[in-house]
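Let me begin by presenting the structure, written as C-alpha coordinates, before commenting on it.
Here is the naming used below: chain letters follow the sequence lines, and residue numbers restart at 1 for every chain.
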Amino acid sequence: MSIDVQTFKSLFPSIVKHCHDDAGAAALLSAVTDKQVSAGDVVIREGEQTGDLFFVVKGALTTSLQGNNETVVMGKVNAGSTFCKVSLLDPGPAPMTVTADEDSEILVLSHEAFRGLEKDYLQMTGNMLRMLSDDLIGMCRSTNKILFERSKSAGGGDLRQWATDTYKSLHGEEA
Amino acid sequence: MNLHKLFHSIPEFSEMTNAELDTLERAMVVRDHPDGETFLCQTSGANDLFLIVDGEVEIVHEESSAHGEQIVKTMHPGELVGLHSLITHRPSDVCCRAKGKTVLASLPLSAFNLLYQANSALTHHFQRVIARQLVRDYREVTDVLKGMMFAEDEQQAEQVLSEHISGS
(Lines give C-alpha, C1' and ligand atoms only; values in the text may rest on other atoms or scores of the structure.)
Protein backbone atom coordinates (compact mmCIF):
# COMPACT_ATOMS: atom_id res chain seq x y z
CA MET A 1 0.00 0.00 0.00
CA SER A 2 1.32 3.43 -0.94
CA ILE A 3 0.19 5.17 2.25
CA ASP A 4 0.46 4.24 5.90
CA VAL A 5 -2.27 4.26 8.51
CA GLN A 6 -1.41 7.71 9.83
CA THR A 7 -1.63 9.26 6.36
CA PHE A 8 -4.87 7.38 5.74
CA LYS A 9 -6.29 8.78 8.98
CA SER A 10 -5.20 12.33 8.22
CA LEU A 11 -6.54 12.25 4.66
CA PHE A 12 -9.93 10.71 5.47
CA PRO A 13 -10.73 11.62 9.07
CA SER A 14 -14.50 11.59 8.63
CA ILE A 15 -14.38 7.94 7.57
CA VAL A 16 -11.45 6.63 9.55
CA LYS A 17 -12.88 8.00 12.81
CA HIS A 18 -15.43 5.20 12.54
CA CYS A 19 -12.69 2.57 12.60
CA HIS A 20 -12.67 2.69 16.39
CA ASP A 21 -8.89 2.19 16.68
CA ASP A 22 -5.70 1.90 14.66
CA ALA A 23 -6.23 -1.82 14.18
CA GLY A 24 -9.54 -1.08 12.49
CA ALA A 25 -7.97 1.66 10.36
CA ALA A 26 -5.18 -0.73 9.37
CA ALA A 27 -7.71 -3.41 8.47
CA LEU A 28 -9.68 -0.95 6.35
CA LEU A 29 -6.51 0.20 4.64
CA SER A 30 -5.47 -3.38 3.95
CA ALA A 31 -8.86 -4.05 2.34
CA VAL A 32 -8.45 -1.36 -0.31
CA THR A 33 -6.56 -1.64 -3.56
CA ASP A 34 -4.34 1.00 -5.10
CA LYS A 35 -5.21 2.50 -8.45
CA GLN A 36 -3.04 4.91 -10.42
CA VAL A 37 -4.89 6.89 -13.07
CA SER A 38 -3.54 9.23 -15.70
CA ALA A 39 -4.93 12.60 -16.68
CA GLY A 40 -7.98 12.05 -18.87
CA ASP A 41 -8.72 8.54 -17.61
CA VAL A 42 -12.32 7.78 -16.72
CA VAL A 43 -12.34 6.13 -13.29
CA ILE A 44 -16.02 5.27 -13.35
CA ARG A 45 -18.71 6.03 -15.88
CA GLU A 46 -22.24 7.13 -14.99
CA GLY A 47 -24.57 4.13 -15.07
CA GLU A 48 -21.77 1.56 -14.93
CA GLN A 49 -22.48 -1.14 -12.34
CA THR A 50 -20.22 -0.77 -9.34
CA GLY A 51 -20.00 -1.56 -5.65
CA ASP A 52 -16.81 0.40 -5.08
CA LEU A 53 -16.08 3.35 -2.82
CA PHE A 54 -13.17 5.47 -4.02
CA PHE A 55 -10.73 7.43 -1.81
CA VAL A 56 -8.67 10.12 -3.55
CA VAL A 57 -5.13 10.04 -2.16
CA LYS A 58 -3.48 12.35 -4.67
CA GLY A 59 -4.55 14.39 -7.67
CA ALA A 60 -7.80 15.94 -8.82
CA LEU A 61 -10.82 14.61 -10.66
CA THR A 62 -14.03 15.98 -12.16
CA THR A 63 -17.53 14.59 -11.72
CA SER A 64 -20.00 14.95 -14.58
CA LEU A 65 -23.38 13.85 -15.85
CA GLN A 66 -24.21 12.97 -19.43
CA GLY A 67 -27.37 14.17 -21.16
CA ASN A 68 -28.43 13.30 -24.69
CA ASN A 69 -26.27 15.95 -26.28
CA GLU A 70 -24.28 17.48 -23.49
CA THR A 71 -21.98 16.76 -20.59
CA VAL A 72 -22.51 18.80 -17.46
CA VAL A 73 -19.63 19.20 -15.04
CA MET A 74 -20.93 18.77 -11.51
CA GLY A 75 -17.94 19.29 -9.28
CA LYS A 76 -14.38 18.44 -8.35
CA VAL A 77 -12.97 15.77 -6.09
CA ASN A 78 -9.53 16.30 -4.65
CA ALA A 79 -7.16 14.50 -2.31
CA GLY A 80 -8.99 13.62 0.90
CA SER A 81 -12.37 13.26 -0.84
CA THR A 82 -14.34 10.12 -1.59
CA PHE A 83 -16.87 9.26 -4.26
CA CYS A 84 -19.44 6.53 -4.99
CA LYS A 85 -20.46 6.17 -1.34
CA VAL A 86 -23.89 5.02 -2.39
CA SER A 87 -22.42 2.11 -4.37
CA LEU A 88 -20.70 0.69 -1.32
CA LEU A 89 -24.04 0.51 0.46
CA ASP A 90 -25.88 -1.07 -2.43
CA PRO A 91 -24.04 -1.90 -5.65
CA GLY A 92 -25.74 -0.47 -8.69
CA PRO A 93 -25.31 2.15 -11.40
CA ALA A 94 -22.62 4.75 -10.69
CA PRO A 95 -24.29 8.13 -10.05
CA MET A 96 -21.77 10.14 -12.08
CA THR A 97 -18.83 9.90 -14.41
CA VAL A 98 -15.53 10.65 -12.68
CA THR A 99 -12.56 11.65 -14.84
CA ALA A 100 -8.99 12.38 -13.73
CA ASP A 101 -7.90 15.96 -14.40
CA GLU A 102 -4.31 15.04 -13.66
CA ASP A 103 -2.33 11.95 -12.76
CA SER A 104 -4.02 10.74 -9.59
CA GLU A 105 -3.84 8.03 -6.99
CA ILE A 106 -7.00 6.39 -5.73
CA LEU A 107 -7.80 3.69 -3.22
CA VAL A 108 -10.70 1.41 -4.06
CA LEU A 109 -12.80 -0.32 -1.41
CA SER A 110 -15.00 -2.90 -3.10
CA HIS A 111 -18.35 -3.97 -1.71
CA GLU A 112 -16.98 -7.49 -1.31
CA ALA A 113 -13.90 -6.31 0.58
CA PHE A 114 -16.09 -4.20 2.85
CA ARG A 115 -18.30 -7.19 3.53
CA GLY A 116 -15.19 -9.20 4.28
CA LEU A 117 -14.39 -6.84 7.16
CA GLU A 118 -17.70 -7.52 8.86
CA LYS A 119 -16.60 -10.72 10.55
CA ASP A 120 -13.75 -9.21 12.55
CA TYR A 121 -14.67 -5.52 12.55
CA LEU A 122 -18.41 -5.45 13.01
CA GLN A 123 -18.37 -2.22 15.00
CA MET A 124 -16.36 -0.43 12.33
CA THR A 125 -18.47 -1.61 9.41
CA GLY A 126 -21.65 -0.85 11.38
CA ASN A 127 -20.40 2.67 12.08
CA MET A 128 -19.60 3.17 8.42
CA LEU A 129 -23.01 1.87 7.33
CA ARG A 130 -24.71 4.33 9.67
CA MET A 131 -22.49 7.22 8.61
CA LEU A 132 -23.17 6.59 4.92
CA SER A 133 -26.89 6.13 5.62
CA ASP A 134 -26.99 9.44 7.52
CA ASP A 135 -25.33 11.17 4.57
CA LEU A 136 -27.93 9.76 2.19
CA ILE A 137 -30.83 10.83 4.38
CA GLY A 138 -29.41 14.33 4.63
CA MET A 139 -29.16 14.60 0.86
CA CYS A 140 -32.63 13.10 0.28
CA ARG A 141 -34.32 15.38 2.80
CA SER A 142 -32.57 18.47 1.48
CA THR A 143 -33.41 17.59 -2.11
CA ASN A 144 -37.06 16.84 -1.38
CA LYS A 145 -37.44 20.04 0.63
CA ILE A 146 -36.03 22.08 -2.24
CA LEU A 147 -38.21 20.25 -4.77
CA PHE A 148 -41.33 20.92 -2.69
CA GLU A 149 -40.42 24.59 -2.36
CA ARG A 150 -39.71 24.91 -6.07
CA SER A 151 -42.99 23.27 -7.02
CA LYS A 152 -44.87 25.96 -5.11
CA SER A 153 -43.32 28.65 -7.26
CA ALA A 154 -43.87 27.02 -10.65
CA GLY A 155 -42.93 29.15 -13.63
CA GLY A 156 -40.23 31.04 -11.80
CA GLY A 157 -37.22 31.05 -14.12
CA ASP A 158 -35.10 28.47 -15.84
CA LEU A 159 -36.05 25.17 -14.23
CA ARG A 160 -33.39 23.13 -16.03
CA GLN A 161 -30.64 25.45 -14.81
CA TRP A 162 -32.20 25.45 -11.37
CA ALA A 163 -32.08 21.62 -11.30
CA THR A 164 -28.44 21.68 -12.41
CA ASP A 165 -27.48 24.18 -9.72
CA THR A 166 -29.38 22.22 -7.09
CA TYR A 167 -27.72 18.95 -8.10
CA LYS A 168 -24.30 20.56 -8.00
CA SER A 169 -24.82 22.13 -4.60
CA LEU A 170 -26.23 19.02 -2.99
CA HIS A 171 -24.53 16.16 -4.78
CA GLY A 172 -21.76 17.49 -7.00
CA GLU A 173 -18.92 16.24 -4.88
CA GLU A 174 -20.76 13.34 -3.34
CA ALA A 175 -21.01 11.14 -6.40
CA MET B 1 -50.16 -12.32 5.24
CA ASN B 2 -47.68 -14.14 7.44
CA LEU B 3 -44.90 -11.70 8.34
CA HIS B 4 -42.15 -14.27 8.04
CA LYS B 5 -43.36 -15.19 4.55
CA LEU B 6 -43.39 -11.52 3.62
CA PHE B 7 -39.78 -11.09 4.81
CA HIS B 8 -38.73 -13.90 2.50
CA SER B 9 -40.34 -12.16 -0.47
CA ILE B 10 -38.42 -8.92 0.07
CA PRO B 11 -34.90 -8.92 -1.44
CA GLU B 12 -33.63 -6.48 1.19
CA PHE B 13 -34.25 -9.07 3.91
CA SER B 14 -32.60 -11.93 2.03
CA GLU B 15 -29.40 -11.82 4.08
CA MET B 16 -31.19 -12.34 7.37
CA THR B 17 -31.30 -15.86 8.76
CA ASN B 18 -34.56 -17.48 9.82
CA ALA B 19 -33.60 -17.00 13.46
CA GLU B 20 -32.97 -13.30 12.83
CA LEU B 21 -36.27 -12.94 11.03
CA ASP B 22 -38.01 -14.66 13.95
CA THR B 23 -36.46 -12.13 16.34
CA LEU B 24 -37.51 -9.23 14.13
CA GLU B 25 -41.02 -10.62 13.78
CA ARG B 26 -41.40 -10.90 17.54
CA ALA B 27 -40.43 -7.24 17.94
CA MET B 28 -43.07 -6.06 15.47
CA VAL B 29 -46.77 -5.47 15.98
CA VAL B 30 -49.13 -6.16 13.09
CA ARG B 31 -52.25 -4.02 12.90
CA ASP B 32 -54.99 -3.17 10.41
CA HIS B 33 -55.37 0.47 9.41
CA PRO B 34 -58.63 1.70 7.86
CA ASP B 35 -58.71 3.65 4.62
CA GLY B 36 -57.57 7.24 5.13
CA GLU B 37 -55.98 6.74 8.54
CA THR B 38 -52.91 8.93 8.99
CA PHE B 39 -50.35 7.08 11.05
CA LEU B 40 -47.42 9.47 10.64
CA CYS B 41 -47.96 13.23 10.53
CA GLN B 42 -45.92 15.92 8.87
CA THR B 43 -44.06 18.01 11.48
CA SER B 44 -44.23 15.26 14.11
CA GLY B 45 -41.49 12.71 14.68
CA ALA B 46 -41.94 9.03 13.92
CA ASN B 47 -42.31 6.73 16.92
CA ASP B 48 -42.29 3.54 14.91
CA LEU B 49 -40.83 2.07 11.77
CA PHE B 50 -43.60 0.70 9.57
CA LEU B 51 -43.38 -2.21 7.16
CA ILE B 52 -46.25 -2.40 4.70
CA VAL B 53 -47.62 -5.94 4.94
CA ASP B 54 -50.70 -5.57 2.79
CA GLY B 55 -52.38 -2.69 0.98
CA GLU B 56 -50.86 0.67 0.10
CA VAL B 57 -49.65 3.80 1.85
CA GLU B 58 -49.86 7.30 0.42
CA ILE B 59 -47.01 9.67 1.16
CA VAL B 60 -48.51 13.14 1.31
CA HIS B 61 -46.95 16.58 1.45
CA GLU B 62 -49.38 19.09 2.88
CA GLU B 63 -47.84 22.32 1.66
CA SER B 64 -46.68 21.45 -1.84
CA SER B 65 -48.98 23.76 -3.67
CA ALA B 66 -51.60 26.40 -3.34
CA HIS B 67 -54.11 23.64 -4.05
CA GLY B 68 -53.39 21.92 -0.75
CA GLU B 69 -51.84 18.54 -0.20
CA GLN B 70 -49.99 16.57 -2.84
CA ILE B 71 -49.56 12.81 -2.93
CA VAL B 72 -45.83 12.38 -3.38
CA LYS B 73 -45.90 8.66 -3.92
CA THR B 74 -47.72 5.47 -3.12
CA MET B 75 -45.81 2.75 -1.32
CA HIS B 76 -46.46 -0.96 -1.52
CA PRO B 77 -46.03 -4.17 0.50
CA GLY B 78 -42.44 -4.78 1.54
CA GLU B 79 -41.52 -1.10 1.73
CA LEU B 80 -40.48 0.66 4.94
CA VAL B 81 -42.09 3.89 6.09
CA GLY B 82 -40.82 6.44 8.63
CA LEU B 83 -37.10 5.81 8.21
CA HIS B 84 -35.85 9.34 7.64
CA SER B 85 -37.58 10.76 10.70
CA LEU B 86 -36.54 7.85 12.93
CA ILE B 87 -32.88 8.03 12.02
CA THR B 88 -32.54 11.80 12.12
CA HIS B 89 -34.80 12.21 15.19
CA ARG B 90 -36.42 15.07 13.34
CA PRO B 91 -40.05 15.71 12.34
CA SER B 92 -41.27 13.98 9.24
CA ASP B 93 -41.36 15.99 6.00
CA VAL B 94 -44.49 14.17 4.91
CA CYS B 95 -47.67 12.51 6.15
CA CYS B 96 -48.28 8.80 5.70
CA ARG B 97 -51.79 7.44 5.43
CA ALA B 98 -53.47 4.18 4.54
CA LYS B 99 -54.91 3.93 1.06
CA GLY B 100 -57.71 1.46 1.40
CA LYS B 101 -57.58 -1.09 4.18
CA THR B 102 -53.91 -1.53 4.95
CA VAL B 103 -51.96 -3.89 7.19
CA LEU B 104 -48.78 -2.53 8.75
CA ALA B 105 -46.17 -4.12 10.96
CA SER B 106 -44.67 -1.56 13.29
CA LEU B 107 -41.34 -1.68 15.07
CA PRO B 108 -41.24 0.62 18.13
CA LEU B 109 -38.62 3.35 18.27
CA SER B 110 -36.76 1.67 21.16
CA ALA B 111 -36.43 -1.59 19.23
CA PHE B 112 -35.48 0.29 16.08
CA ASN B 113 -32.74 2.19 17.89
CA LEU B 114 -31.39 -1.03 19.35
CA LEU B 115 -31.31 -2.72 15.96
CA TYR B 116 -29.90 0.31 14.17
CA GLN B 117 -27.27 1.33 16.70
CA ALA B 118 -25.98 -1.94 18.12
CA ASN B 119 -23.28 -4.11 16.61
CA SER B 120 -24.14 -7.76 16.08
CA ALA B 121 -24.79 -9.96 13.08
CA LEU B 122 -28.55 -9.41 13.41
CA THR B 123 -28.31 -5.66 13.72
CA HIS B 124 -25.80 -5.49 10.90
CA HIS B 125 -28.19 -7.29 8.59
CA PHE B 126 -30.96 -4.94 9.70
CA GLN B 127 -28.76 -1.92 8.98
CA ARG B 128 -28.20 -3.26 5.49
CA VAL B 129 -31.96 -3.51 4.96
CA ILE B 130 -32.25 0.14 5.99
CA ALA B 131 -29.30 1.23 3.84
CA ARG B 132 -30.77 -0.37 0.72
CA GLN B 133 -34.07 1.43 1.14
CA LEU B 134 -32.19 4.71 1.64
CA VAL B 135 -30.17 4.10 -1.52
CA ARG B 136 -33.44 3.60 -3.39
CA ASP B 137 -34.72 6.91 -2.01
CA TYR B 138 -31.47 8.64 -2.97
CA ARG B 139 -31.49 7.28 -6.52
CA GLU B 140 -35.12 8.35 -6.86
CA VAL B 141 -34.50 12.00 -5.97
CA THR B 142 -31.31 12.28 -8.01
CA ASP B 143 -33.13 10.78 -11.00
CA VAL B 144 -35.74 13.53 -10.66
CA LEU B 145 -33.07 16.21 -10.72
CA LYS B 146 -31.34 14.55 -13.68
CA GLY B 147 -34.67 14.33 -15.51
CA MET B 148 -35.18 18.04 -15.01
CA MET B 149 -31.61 18.96 -15.94
CA PHE B 150 -31.72 17.13 -19.24
CA ALA B 151 -35.32 17.87 -20.19
CA GLU B 152 -35.71 19.01 -23.79
CA ASP B 153 -37.43 22.22 -22.74
CA GLU B 154 -38.84 24.03 -19.74
CA GLN B 155 -42.25 22.46 -20.21
CA GLN B 156 -40.80 18.98 -19.96
CA ALA B 157 -38.75 19.97 -16.90
CA GLU B 158 -41.91 21.28 -15.23
CA GLN B 159 -43.59 17.99 -16.07
CA VAL B 160 -40.81 15.94 -14.44
CA LEU B 161 -41.08 18.04 -11.28
CA SER B 162 -44.83 17.90 -11.29
CA GLU B 163 -44.83 14.12 -11.70
CA HIS B 164 -42.45 13.72 -8.79
CA ILE B 165 -44.44 15.98 -6.51
CA SER B 166 -47.74 14.42 -7.48
CA GLY B 167 -46.38 10.88 -7.30
CA SER B 168 -47.28 10.00 -10.88
Side-chain angles (χ1 to χ4, degrees), chain A residues 46 65-70 72 74 85-93 95-96 115 118-119 121-127 129-130 132-152 154-155 157-168 170-171 174, chain B residues 12 15 59 61-67 70 72 83-88 90 92-94 116-121 123-128 130-162 164-166:
Chain A
E46 180 188 352
L65 290 174
Q66 184 66 46
N68 286 335
N69 302 309
E70 59 178 328
V72 178
M74 302 307 295
K85 289 176 182 172
V86 68
S87 305
L88 188 72
L89 287 178
D90 190 21
M96 294 186 199
R115 298 300 304 268
E118 285 175 6
K119 184 169 176 287
Y121 299 94
L122 201 55
Q123 183 170 355
M124 174 177 77
T125 53
N127 287 344
L129 272 179
R130 286 186 289 270
L132 296 171
S133 295
D134 288 350
D135 285 353
L136 284 188
I137 290 180
M139 286 192 276
C140 286
R141 285 180 74 114
S142 299
T143 307
N144 270 324
K145 189 174 179 185
I146 290 171
L147 287 170
F148 287 138
E149 288 297 320
R150 185 61 176 80
S151 74
K152 284 196 285 188
D158 185 337
L159 192 54
R160 287 178 293 176
Q161 186 58 49
W162 174 86
T164 303
D165 294 341
T166 302
Y167 202 121
K168 281 181 182 176
L170 292 172
H171 311 276
E174 293 286 347
Chain B
E12 280 78 0
E15 285 183 24
I59 308 300
H61 193 261
E62 291 182 330
E63 300 157 359
S64 289
S65 76
H67 309 296
Q70 293 274 11
V72 179
L83 267 184
H84 294 200
S85 175
L86 276 176
I87 293 176
T88 60
R90 291 169 63 187
S92 175
D93 293 330
V94 290
Y116 190 66
Q117 298 296 341
N119 296 300
S120 70
T123 61
H124 211 70
H125 288 152
F126 181 74
Q127 288 152 15
R128 289 206 163 278
I130 302 301
R132 288 199 190 112
Q133 169 118 13
L134 294 174
V135 169
R136 271 213 310 270
D137 294 346
Y138 173 80
R139 288 181 173 141
E140 194 175 293
V141 294
T142 53
D143 282 350
V144 172
L145 286 173
K146 282 186 202 175
M148 292 164 69
M149 283 171 59
F150 296 117
E152 287 182 5
D153 51 34
E154 280 298 294
Q155 191 178 356
Q156 192 182 47
E158 288 283 0
Q159 191 179 341
V160 172
L161 176 60
S162 169
H164 173 66
I165 297 298
S166 65

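With a 4.5 Å cut-off on non-hydrogen atoms, B:R136 does not touch chain A at all. For A:Q66, the part lying under 4.5 angstrom from a heavy atom of chain B is the backbone only. With a 4.5 Å cut-off on non-hydrogen atoms, A:T143 touches chain B through its side chain but not through its backbone. For B:L145, the parts sitting under 4.5 Å from any heavy atom of chain A are the backbone and the side chain alike. Looking at B:V144, the atoms closer than 4.5 Å to chain A (heavy atoms on both sides) all sit in the side chain, from C-beta outward. The contact between B:E15 and chain A is made entirely by side chain atoms (from C-beta outward), counting heavy-atom distances below 4.5 Å.
Here the closest heavy-atom approach between residue B:A121 and residue A:L122 is recorded as N-CD2, 3.6 Å. Smallest separation of non-hydrogen atoms from A:L159 and B:E154: N-OE1, 2.7 Å. Scanning all heavy atoms of the two residues, the minimum distance from A:R160 to B:A157 falls at CG-CB, 3.8 Å.
Other residues, nucleotides and ligands contribute only 12 or fewer heavy atoms inside 6.0 Å of the CG atom of A:N69. Residue B:Q155 places its CD atom among 12 or fewer non-hydrogen atoms of other residues, nucleotides or ligands, all under 6.0 Å distant.
Per-residue counts of heavy-atom pairs under 4.5 Å with chain B were compared for A:T125, A:N68, A:D134; the largest is that of A:T125. Ranked by heavy-atom pairs shorter than 4.5 Å toward chain A, the options B:R132, B:H124, B:Q127 are led by B:H124. Per-residue counts of heavy-atom pairs under 4.5 Å with chain A were compared for B:T142, B:D137, B:D143, B:I87; the largest is that of B:T142. Contact count against chain A (heavy-atom pairs under 4.5 Å) is highest for B:R128 among B:E152, B:E140, B:R128. Looking only at heavy-atom pairs under 4.5 Å with chain B, the residue among A:Q123, A:K119, A:R141 that has the most is A:R141. When A:T166, A:L136, A:I146, A:D165 are compared by the number of non-hydrogen pairs under 4.5 Å with chain B, A:L136 comes out ahead.
Between B:M148 and A:W162, the closest side-chain pair of non-hydrogen atoms falls below 4.5 Å. Counting heavy atoms from C-beta outward, A:N144 and B:H61 have side chains that stay 4.5 Å or more apart.
In this structure, B:Q117 CD and A:N127 CG are separated by 9.0 Å, a value rounded to the nearest 0.5 Å. Note: A:D135 CG to B:Y138 OH = 10.0 Å, rounded to the nearest 0.5 Å. Residue A:L129 holds its CG atom at 12.5 Å from CZ of B:F126, rounded to the nearest 0.5 Å. Atom CG of A:L147 sits about 6.0 Å away from atom CG of B:L161, to the nearest 0.5 Å. Taking SG of A:C140 as the start and CZ of B:R139 as the end, the distance is 11.0 Å to the nearest 0.5 Å. In this structure, CG on A:L65 lies 5.0 Å from CE on B:M149, to the nearest 0.5 angstrom.
Taking B:T123 as the reference, B:S120 meet the side chain to side chain donor-acceptor pair (under 3.5 Å) condition, with sequence neighbours excluded.
Looking at B:D93 and A:K145, no side-chain N of the basic residue comes within less than 4.0 Å of a carboxylate O on the acidic one, giving no salt bridge.
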